[in-house]
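Take a look at the structure set out below.
Position 1 is the first residue of the sequence, and the numbers go up from there.
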Amino acid sequence: MTTQSVVSAVEKQTFDEDGVVCLRGVLDPQEIGMLRSVLARQLRDHGQSKTSYDLESIARQVWDGNSSIDVGKADRFDVDGLAAVIQSDDEARPLFEDDNHEDEGLFLYKVGDWRNHRGIRRVGFDSKIPQIVAELLDTETLNWWEDSTFVKAPHTRLKTPFHQDLTYFQISGDQSVIVWIPLDPSDLSNGVTRYVRGSHKSGETYAPNMFLSQTVFPGSEDPKCPDIEADESQYDIISFDVEPGDVIIHHVRTIHGAGGNTTDKPRRAISFRYTGDNVRYFDKPGALPQTDTISDLKNGDRLHSLDYPIVWPTPWPGVSISDLYDMLISSREPFDNEKVEAA
């Protein structure tokens, strides 16, 4: 059975040429409500979660010269070690917006919460997004990779340094996208994401930076991303004013960053990451560690597993992939990657 296309020729061309496209009204109010409920719980649990970080607080402590960084109960990263690397980097500098407001901001960063929250699975697996992404990538099969939450509360001064996502992920191949989902009206004033148009075509691969500065994660073998903040006029940087329901989709090689939020309004967003046919698992140096994985993937394996479920195509019209996933995970029947590959 042929599935009707949901991406126009103009949208596909824009994505191919620019490395980013903004699509309007993709998610309905119920789906946005699910994600807002998830985010409210994430904010409530911040400080007690092992995977939730306030990058604004960490940045202030780093630039104050602290040798021990207070991150609550978070333990995904060796933050003290990363802080020492930044403090020893002669090229590192603070990336704060000017804002004399007396309140301190909050830059919440949390990754891989989809296993804990059905709302993320429902939207990430069962909304219009998987088919849209599959069409943009020209892929027959689409795997879920992970989710990330990025909240910049009012008067959050920390910028998001320009970076490229590819080297953060344990993958080879670049048939992958990131879907940025605003949960508040967002524009340049409160820190909407900005993109270097066409940067995905350069063929360059850049090391992941630490989000507090352009300092790269230890172990990466790739060069540092260009210092775009030093002279933005040399780059074709674009952004989109968005409302809840809109999505911005960028290629995994597209360079992007964001300003701080110096307004009185929040900038809450969740991003989804997906991969296509040419992607294989590859635990490369410098990539960020995955959490709570249950499959034993080896370098070169297809991602098909309970950690990276197939979300497109659906096995039959109207089926809920999130319901199927919940049934599988409750029975803990592992996928046999070799059999899937052979099929």
Check your understanding: Does a donor on one side chain and an acceptor on the other come within less than 3.5 Å for Lys110 and Thr51?
Key -> yes
Check your understanding: Mind checking whether His163 and Phe211 have ring centres under 6.0 Å apart?
Key -> yes
Check your understanding: Given side chains that start at C-beta, do those of Val242 and Trp180 come closer than 4.5 Å, heavy atoms only?
Key -> yes
Check your understanding: Quick one: do Asp323 and Arg122 make a salt bridge, cutoff under 4.0 Å?
Key -> no
Study note, to complete from the structure: In terms of heavy-atom contacts, Pro208 and Gly286 come closest through CG-O, 3.5 Å
Practice item. Check the pair Tyr53 / Phe77 against ring-ring contact (aromatic ring centres under 6.0 Å, His included), numbers first and verdict last. Key: CA-CA 10 Å; Tyr53 292 87; Phe77 304 105; 5.5 Å; yes
**Study point:** Any donor-acceptor pair under 3.5 Å from Asn278 side chain to Gln175 backbone
**Key:** yes
Point to revise | Any donor-acceptor N or O pair under 3.5 Å, side chains Arg273, Ser176 | key: no
Practice item. To the nearest 0.5 angstrom, please state how far the CD1 atom of Ile249 sits from the CZ atom of Phe272. Key: 11.5 Å
Exercise for review: Find the distance between OG (Ser295) and OH (Tyr308) and round it off to the nearest 0.5 Å.
Suggested key: 8.0 Å
Check your understanding: Just by distance, with hydrogens left out, do Arg194 and His256 show a side-chain donor and acceptor under 3.5 Å apart?
Key -> no
Practice item. Could you tell me whether the side chains of Gln164 and Thr205 share a donor-acceptor contact shorter than 3.5 Å? Key: no
Point to revise | Check: Asp126 side chain, Val123 main-chain N or O, donor-acceptor pair, under 3.5 Å | key: no
Review point. Tyr109 versus Ser52: any side-chain heavy-atom pair under 4.5 Å?
Key: no
Study note, to complete from the structure: Gly19 and His200 have their tightest heavy-atom pair at N-CE1, 3.1 Å
Point to revise | Atom NZ of Lys265: over 12 foreign heavy atoms under 6.0 Å | key: yes
Practice item. Decide yes or no for Val196 and Phe162: does some side-chain heavy atom of the first lie under 4.5 Å from some side-chain heavy atom of the second? Key: yes
**Study point:** Backbone N/O of Glu11 and side chain of Ser8: donor-acceptor pair under 3.5 Å
**Key:** yes
**Study point:** Distance-only donor-acceptor check, side chains Asp184 and Ser186, under 3.5 Å
**Key:** no
Review point. In terms of ring plane angle, is the pair Tyr168 and Phe217 parallel, tilted or perpendicular, where the classes change at 30° and 60°?
Key: perpendicular
**Study point:** Stepwise side chain to side chain contact (heavy atoms under 4.5 Å, CB included) check, Trp312 with Val133
**Key:** CA-CA 9 Å; Trp312 186 262; Val133 170; over 6 Å; no
Exercise for review: Go through the steps for Leu108 and Asp54 under the test side chain to side chain contact (heavy atoms under 4.5 Å, CB included), then give the verdict.
Suggested key: CA-CA 5 Å; Leu108 176 69; Asp54 177 3; over 6 Å; no
Check your understanding: Do Phe150 and Arg268 have side chains that get closer than 4.5 Å, going by heavy atoms?
Key -> no
Review point. Quick one: does Lys152's side chain have a donor or acceptor within less than 3.5 Å of a partner on Leu158's backbone?
Key: yes
**Study point:** Proximity of Tyr274 and Trp145 rings by center, below 6.0 Å
**Key:** no
Review point. Does Thr167 reach the main-chain N or O of Tyr206 with its side chain, forming a donor-acceptor pair under 3.5 Å?
Key: yes
Point to revise | Lys/Arg N to Asp/Glu carboxylate O, Lys12 vs Asp16, below 4.0 Å | key: yes
Check your understanding: Less than 4.0 Å between a side-chain N and a carboxylate O, is that true for Asp187 and Arg267?
Key -> no
Exercise for review: Using the six-membered ring wherever Trp is involved, compare the ring planes of Trp114 and Trp144 and label them parallel, tilted or perpendicular (cut-offs 30° and 60°).
Suggested key: perpendicular
Check your understanding: What's the shortest heavy-atom distance between Asp241 and Leu188, and which atoms?
Key -> OD1-N, 4.4 Å
Point to revise | Salt bridge present between Asp227 and Arg93 (N-O < 4.0 angstrom) | key: yes
Exercise for review: Hey, could you give me the CH2/OG distance between Trp63 and Ser213, rounded to the nearest 0.5 Å?
Suggested key: 5.0 Å
Practice item. Walk me through it: do His250 and Asp165 pass the test side chain to side chain donor-acceptor pair (under 3.5 Å)? Key: CA-CA 10 Å; His250 73 264; Asp165 288 325; 2.9 Å; yes
**Study point:** Donor-acceptor side-chain pairing of Arg197 and Ser199 below 3.5 angstrom
**Key:** no
Review point. Would Glu97 and Arg157 pass as an ion pair if we require N to O under 4.0 Å?
Key: no
Review point. Looking at Lys201 and Glu17, does any basic side-chain N land under 4.0 Å from a carboxylate oxygen?
Key: no
Practice item. Assess whether side chain to side chain contact (heavy atoms under 4.5 Å, CB included) is satisfied between Arg121 and Tyr325, documenting all intermediate values. Key: CA-CA 9 Å; Arg121 298 194 298 276; Tyr325 179 85; 3.9 Å; yes
**Study point:** Electrostatic pair Asp174-Arg253, nearest N-O below 4.0 angstrom
**Key:** yes
Review point. Just by distance, do the side chain of Asp28 and the backbone of Glu31 share a donor-acceptor pair under 3.5 Å?
Key: yes
Exercise for review: Taking Glu229 for its side chain and Lys159 for its backbone only, find out whether a donor-acceptor pair lies under 3.5 Å.
Suggested key: no
Practice item. Report yes or no: does Gln61 contribute a side-chain atom to a donor-acceptor pair with the main-chain N or O of Ala83 at less than 3.5 Å? Key: no
Point to revise | Within 6.0 Å of CD in Glu232, more than 12 heavy atoms from elsewhere | key: yes
Exercise for review: Check Gly245 against Ile32 and note the closest heavy-atom contact, atom names and distance.
Suggested key: N-CD1, 3.5 Å
Practice item. Check whether Val179 and Phe125 end up in the same hydrophobic cluster, where Ile, Leu, Val, Met, Phe, Trp and Tyr are linked by side-chain heavy atoms less than 4.5 Å apart. Key: yes
Point to revise | Asn100, CG: over 12 other non-hydrogen atoms inside 6.0 angstrom | key: no
Review point. Would His117 and Asp147 count as having a side-chain donor-acceptor pair, cut-off 3.5 Å?
Key: no
Check your understanding: Is any side-chain heavy atom of Tyr195 less than 4.5 Å from a side-chain heavy atom of Ile255?
Key -> no
Review point. More than 12 heavy atoms of other residues, nucleotides or ligands under 6.0 Å from CG of Asp98: is that the case?
Key: no
Review point. Under a 4.5 Å cut-off applied to non-hydrogen side-chain atoms, are Glu91 and Gln214 in contact?
Key: no
Revision key, fill the gap. Heavy-atom nearest pair, Pro218 first then Met210, reads CD-CE, 3.7 Å
Review point. Is the side chain of Glu56 donor-acceptor paired with the backbone N or O of Phe107 at a distance under 3.5 Å, no angle test?
Key: no
Exercise for review: Spell out, yes or no, whether Ile171 and Ile178 are grouped together once hydrophobic residues are joined by side-chain heavy atoms under 4.5 Å, including indirect joins.
Suggested key: yes
Review point. Just wondering, do Leu297 and Asp307 contact through their side chains at under 4.5 Å, heavy atoms?
Key: no
Exercise for review: Measure the shortest side-chain to side-chain distance between Ile270 and Leu39 over non-hydrogen atoms and say whether it is less than 4.5 angstrom.
Suggested key: yes
**Study point:** Nearest-0.5 Å distance, CG of residue Asp80 to CG of residue Leu82
**Key:** 9.0 Å
Review point. Applying the side-chain contact (heavy atoms from CB on, under 4.5 Å) test to Phe240, which of Leu23, Val20, Asp246 qualifies?
Key: Val20
Check your understanding: Between Ser127 (side chain) and Ile129 (backbone), is there a donor-acceptor pair under 3.5 Å?
Key -> yes
**Study point:** N-O pairing of Lys73 and Asp45 below 4.0 Å
**Key:** no
Exercise for review: Measure across Asn143 and His304 and return the closest heavy-atom pair with its distance rounded to 0.1 Å.
Suggested key: ND2-ND1, 3.1 Å
